[in-house]
Amino acid sequence: MKIKAVYPGSFDPITNGHIYIAERAAKIFDEVIVSILINERKQGAFTVEERCEMARESLAHIKNIKVDSFNGLLVDYVKQCNAGVIIRGLRAMSDFEYEFQMALMNRQLATDIETFFIVTDPKYSYVSSSSVREIFHFGGTVKDVVPETVFEKLRERYSACIK
Ligand code: ADP
């Protein structure tokens with residue numbers, strides 16, 4: 001039986017930390033769908049289309065990964081995809097509290113869907129999309145923590161401060 005997993009998130013933008021989790025998940029599961037949440041209540045730094053495009057380009061080297069977007073309840077989307085697993089990444093204990101609560105909530109909503117946590121590489125433990133945007137905006141170097149395609153998009157967006 002083929003096992004499909006969904007790796008959901010904002011990916012605003014995708015970072016090397018996200019890619020690390022996606023690569024590890026792709027070695028474990030037959031198919032991984034990296035799916036970008038369309039959040040109507042929160043305007044992102046990049047549009048969902050831009051985020052999907054950056055994710056597609058950055059993950060093109062992994063054959064069993066697809067990129068998609070979704071809105072509404074995550075568990076409904078996971079069922080629609082015929083997937084049985086939700087992938088989440090853990091950077092630190094501070095992530096755990098929130099992730100644990102989400103996992104319990106999702107289990108309450110759909111008992112047959114498992115949440116699967118993958119621990120990050122220590123070198124990405126401090127990397128988040130928001131810190132990448134902030135550091136870039138103020139002229140700091142982010143080249144080591146985002147793929148080339150994201151770096152170019154950040155450069156277009158915040159062209160005043162190029163590093
Ligand atoms: P969300 O808004 O759902 O937290 P994110 O795009 O910030 O979306 O993160 C998606 C998932 O990837 C979350 O499980 C998050 O903990 C994980 N993640 C984010 N950055 C990293 C990183 N540097 N290393 C490992 N996992 C990460």
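Atoms within each ligand, like the ligands themselves, are counted from 1 in listed order. Computed from a prediction, not measured in an experiment: that's the story for all the values here.
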* Structure fact -> Exactly one candidate in Arg157, Lys42, Arg133 meets salt bridge (Lys or Arg N to Asp or Glu O under 4.0 Å) with Asp12; the answer is Arg133

* Asked: Among pairs that include at least one residue of residues 61-77, which meet salt bridge (charged side-chain N to carboxylate O under 4.0 Å, His left out), considering only residues two or more places apart or in two chains?
  -> Glu31-Lys66

Just distance, no hydrogens or angles: give the donor-acceptor pairs under 3.5 Å from side chains in residues 106-128, sequence neighbours left out.
unit_1, atom_1, unit_2, atom_2, d
Asn106, ND2, Met102, O, 3.3
Asp121, OD1, Lys123, N, 2.9
Ser125, OG, Pro122, O, 2.8
Ser128, OG, Ser130, OG, 3.3
Ser128, OG, Ser131, N, 3.1
Ser128, OG, Ser131, OG, 3.1

* To do: Answer with yes or no whether the hydrophobic clustering places Ile21 together with Leu90; edges join I, L, V, M, F, W, Y residues whose side-chain heavy atoms lie under 4.5 Å apart.
  => no

Side-chain donor-acceptor distances from residues 2-9 under 3.5 Å, at least two apart:
unit_1, atom_1, unit_2, atom_2, d
Lys4, NZ, Cys81, O, 2.8

* Structure fact -> Within the heavy-atom cut-off of under 4.0 Å, ligand 1 is lined by Tyr7, Pro8, Gly9, Ser10, Phe11, Gly17, His18, Ile21, Arg88, Gly89, Arg91, Asp95, Glu99, Thr120, Tyr124, Val127

* Which heavy atom of Ser129 sits nearest a heavy atom of His18, and at what distance? -> OG-CE1, 3.3 Å

